[in-house]
S.K.: 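I have a structure I would like to understand better, so I am pasting it below and will then ask my questions one at a time.
Remember, it's 1-based here, ligands and their atoms both numbered in the order they're listed. Just the heavy atoms: all of them, side chains too, but no hydrogens, waters or symmetry mates, feed the values below.
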Amino acid sequence: MLELRPNCECCDCDLAPDSREAMICSFECTFCADCARDALHGVCPNCGGGLVRRPVRPAAKLATHPASTRRVVKAHGCAS
Ligand SMILES: [Zn+2]
Ligand SMILES: [Zn+2]
């Protein structure tokens, strides 16, 4: 199951499970759309893979398969 992380790994802003601003790589590294575009240029800084928009889990499914509450933040942010 996809881990729906609650925040951007770069700027630590909140990303709701139904946010259309959340971007992920294949390892579920999670970023907001602003960081993904402006700071990362669509490439995950951890694994080098591409970032795509995270699919939204339907609200009814969140009741039985809740989003992650584990915040992951990159130690020094994503400033290049
Ligand atoms: Zn961000
Ligand atoms: Zn990654």
S.K.: How about Cys35 and Cys11, are their SG atoms within less than 2.5 Å of each other?
M.R.: no
S.K.: Using a strict threshold of under 4.0 Å (side-chain N to carboxylate O), is an ion pair present between Arg54 and Glu21?
M.R.: no
S.K.: Below 2.8 Å, which protein N, O or S atoms neighbour the Zn ion (ligand 1), ignoring water?
M.R.: Cys8 SG, Cys11 SG, Cys32 SG, Cys35 SG
S.K.: Are side-chain heavy atoms of Val56 and Pro17 found at a separation under 4.5 Å?
M.R.: no
S.K.: Say you draw a straight line from OG of Ser19 to CZ of Arg53; how long is it, rounded to the nearest 0.5 Å?
M.R.: 8.5 Å
S.K.: Round to 10° and report the angle made at the Zn ion (ligand 2) by SG of Cys47 and SG of Cys25.
M.R.: 100°
S.K.: Could you work out, with side-chain hydrogen bond (donor to acceptor under 3.5 Å, both in side chains) as the rule, every residue matching Asp14, not counting sequence neighbours?
M.R.: Arg71
S.K.: Can you tell me if Arg70 uses its side chain to pair, donor with acceptor, with the backbone of Arg5 under 3.5 Å?
M.R.: no
